[in-house]
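Let me begin by presenting the structure, written as structure tokens, before commenting on it.
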Amino acid sequence: MKKIQDEYLINGFITATFLNRLLLIFNAVYSILVRGLVLLVFSYSATASTLMLTLEGELPKDVEKNIHSYLGKNPETELERSAFIYSAKDNTLKALQSLGYYQASIIVKVKKSPWQLIISITLNEPTLIDNIDIKVNGEAKNDAAFIALINNSAIEQGDTLHHGKYEDLKSDLLSLALQRGYFNGELIESNITIKENYRYADININYQSGPRYRFGDINFSDFDIEPALLSSLIPFKENEYYSSNSFHQLQQNLQSTQYFSNVLALPADKIQDKNTDLNTVPINISLTPAKSHLFDLGIGYATDTQFRLSAGWRTPQINKYGHYQETKIEYSTLNPTGKFIYSIPLSHPTEDVLQFKITVENDDYADLTTKFYSAQVGKVVSKNNWNRNVYLRFHQEAWQYDFEEDTPNILWAEEDNVQYFIPGVTWSRTTRQGSALDPSAGFRQTYNIEGAHLNAGSDNSFFRVHGRWNYITTLKKNHRLVTRAELGAIYIDRDAQLAPSLRFYAGGDQSIRGFAYQSIGSTIPSSSDPDTAVPIVVGGTRLMVASIEYQYYLNNKWRLALFSDGGSVANKGEFEPVYSLGSGIHYISPVGAVKFDFAYGIDGDDKNWRIHINLGAEL
């Protein structure tokens, strides 16, 4: 009896264990099935919510694009799909009517599994514009800008009706009114009348401008500067008609002085004087002073000057008269320079300035080293994008040739040391389109005339003229042409000795690539012994250089270049041109184009490759 009971208990234990394990397996399978079902439901829901849209019919691209714009993006849920299908015909009709197709035929078909929406369209004849009645009343009626806007409107009789052009015209009228000071203007009437079974349409626009406002008082916040200087920055006269261009020019003039870190100009409440029938809008300007001192440090590299370090210090406003100064030091092994400029505004802080300038510079030419000091006073005037600088400069320079063993003359010894008092004038003008660092088009021209005379405190007499031109144009998208030219001439007695920095040289990144920096010029023998003498480049009195470069943009950051440079520097009657061919790759960085150019210089039988690395813009 006990044995049977034990067996039963054992069997019972085995059975219970088996059932527990079976229950665990069932729960696991159930969980997997439930999860799979949920995923299946979501997957089906996602599949079911998609909708394939098809437009049938001979539709121009602009019509098809407009239909898609009116229909909107494809639905993502079942509810959105239902709404999309429900409104598809009405939205398609609106899209067609906005382009003048009021007689179009639309058939909508819907298919399931998968969901498809098929819109069949027959455009039929478009609605044409019959009568156009555009009226401008008020003071703007005789305004040349409004007359030109209406005469040059894109809406003409006989054209297909286009609601977008109609809306653009209304918007242009309102925008022009605000730009020119018609602040009370409004559209009294504007409508399109469809007639004769949708074949023709009449357009009627009636704009009432009201009075034109003038500039009122210009109110500046408290600022420690002479009021006359601030007044000189106002680009319009008292009670002159308001224009947004003049308003923005005022802001730009204030910012260009660099006296202020922030300029906030806002129109105040408009004033209507019934006694004088004068309508004005005052301007309130809040000025925040710039930092008292600005410093900057920089590092750069160019093949001509190699690595260079720079440090700058600028004082935007020294006193209430608007004086400012700039000090800059640049160091490189070939061309260290120091410069100090002190500027005194005369009648305008940026357009009429008395400028004092001190420069110290060392320059390592191909076969000589020079050091000069100059002190200059000049009047800088800017007008109509032209900058003119009339100046008088004291210039002292000493130099040595590389073949000389002793170097006392570089320290202002009597030998190879000259002094000049040089009056001169420089004109320059730059116009550009697009980015300042990478313009799509532009033209820079610079002209300089200067000279000295033996009887006016100079060691010898000379007359120097120099011109430089840079031109950029975009031929078509991604294709740009860059050209430059340089001409110069110096007139001096053959026996007179001219300082090296006043002579002309060629060669280098900004001149004739394929040749070393300032390595092209007239030469003299290094010694009287013809067997050991080598030519030493000493510059020249005649300069002629030209360059043409084609650039192809791979994208917004990289471009390829093919170029040819040519020209020479020599004395009168000794001109022997050299030229170069090359290619390059340029990276458009946030501070200008980084240029890697490979040039093949050709000088008679001498030919050699040279790599040029440079950073900067062409203008």
Side-chain angles (χ1 to χ4, degrees), residues 300-308 332-335 363-367 437-439 442-446 466-473 475 479-488 503-523 535 537 539-540 542-554 558-570 575-589 591-619:
Y301 178 85
T303 310
D304 289 350
T305 57
Q306 301 180 5
F307 282 102
R308 62 181 180 272
S332 70
T333 55
L334 295 179
N335 184 218
D363 211 341
D364 192 348
Y365 294 87
D367 296 309
L437 295 176
D438 190 39
F443 182 45
R444 168 177 286 178
Q445 47 190 320
T446 304
H466 182 214
R468 185 180 179 92
W469 303 266
N470 298 72
Y471 177 73
I472 296 174
T473 185
L475 304 174
H479 299 267
R480 192 170 80 149
L481 189 68
V482 178
T483 61
R484 55 181 166 83
E486 192 172 4
L487 295 173
R503 306 173 199 164
F504 294 122
Y505 297 82
D509 303 338
Q510 304 300 317
S511 181
I512 304 176
R513 286 163 287 189
F515 296 86
Y517 175 55
Q518 297 182 336
S519 64
I520 301 172
S522 296
T523 61
V537 177
R542 300 294 186 272
L543 165 69
M544 182 182 293
V545 170
S547 172
I548 184 170
E549 178 169 310
Y550 164 76
Q551 298 171 347
Y552 176 74
Y553 285 77
L554 300 173
W558 292 93
R559 70 186 182 211
L560 301 177
L562 294 173
F563 60 84
S564 178
D565 303 337
S568 190
V569 168
F575 194 79
E576 296 181 1
V578 301
Y579 63 96
S580 66
L581 302 170
S583 61
I585 183 168
H586 303 167
Y587 172 70
I588 314 300
S589 76
V591 293
V594 182
K595 305 173 187 177
F596 300 89
D597 291 331
F598 306 88
Y600 185 61
I602 303 173
D603 181 5
D605 295 331
D606 295 333
K607 304 176 179 65
N608 62 282
W609 284 97
R610 191 172 185 87
I611 299 175
H612 295 269
I613 302 173
N614 190 37
L615 168 64
E618 285 85 359
L619 294 181

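These numbers come from a predicted model, not from an experiment.
Taking the side chain as every heavy atom from C-beta outward, Y471 and R484 never approach each other to under 4.5 Å. Side-chain contact between L487 and W469 is present, with at least one heavy-atom pair separated by less than 4.5 Å. Counting only heavy atoms from C-beta outward, the side chains of L334 and R308 never approach each other to under 4.5 Å. Contact of the D363 side chain with the Q518 side chain is registered, since non-hydrogen atoms from C-beta on lie closer than 4.5 Å. Under the 4.5 Å side-chain criterion, counting only non-hydrogen atoms from C-beta, R513 is in contact with E549. Counting only heavy atoms from C-beta outward, the side chains of V591 and L615 approach each other to under 4.5 Å.
Closest approach of L562 and S583 over heavy atoms only: CD2-CB, 3.7 Å. Of all non-hydrogen atoms in V569 and G539, the two that sit nearest each other are CG1-C, 4.2 Å. Contact between A593 and I588 at its shortest, heavy atoms only, is CB-CD1, 4.0 Å. Nearest approach of G584 to D597, heavy atoms of both residues: CA-OD1, 3.5 Å. Taking both residues in full, the closest heavy atoms of I520 and S568 are given as CG2-OG, 3.9 Å, listed atom of the first, atom of the second, then distance. Smallest separation of non-hydrogen atoms from S522 and G540: OG-CA, 4.1 Å.
Distance CD/E486 to CG/N470: 9.0 Å, rounded to 0.5 Å. Put simply, CG on D364 and OG1 on T333 are 8.0 Å apart, with the number rounded to the nearest 0.5 Å. Here the CZ-CD1 distance, from F443 to I472, works out to 11.5 Å after rounding to the nearest 0.5 Å. With values rounded to the nearest 0.5 angstrom, N608 atom CG is found 9.0 Å from D603 atom CG. Summarising the geometry, atom CD1 belonging to I611 is positioned 12.0 Å from atom CG belonging to D509; distances are rounded to the nearest 0.5 Å.
Ionic pairing of R559 and D438 is present here: one or more N-O contacts between side-chain nitrogen and carboxylate oxygen are shorter than 4.0 angstrom. The residues E618 and R480 are annotated as salt-bridged, a charged nitrogen and a carboxylate oxygen being separated by less than 4.0 angstrom.
With hydrogens and angles disregarded, a donor-acceptor distance shorter than 3.5 Å links the side chain of S564 to the backbone of S580. Without hydrogens or angle criteria, H612 side chain to G514 main chain gives a donor-acceptor distance under 3.5 Å.
Applying the ring pair (Phe, Tyr, Trp, His ring centres under 6.0 Å) test to F598 and every residue at least two apart in sequence or in another chain returns nothing.
Checked against the 6.0 Å centroid threshold, Y587 and W558 count as a close aromatic pair. Remark: aromatic rings of F596 and H586 are distant, center separation not under 6.0 Å.
The aromatic rings of H466 and F504 sit tilted relative to each other, their planes meeting at an angle between 30° and 60°.
Exactly one residue among F563, Y579, F515, W609 makes a ring pair (Phe, Tyr, Trp, His ring centres under 6.0 Å) with Y600. That residue is W609.
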Check step by step if side-chain contact (heavy atoms from CB on, under 4.5 Å) holds for D565 and V545.
CA-CA 8 Å; D565 303 337; V545 170; 5.9 Å; no
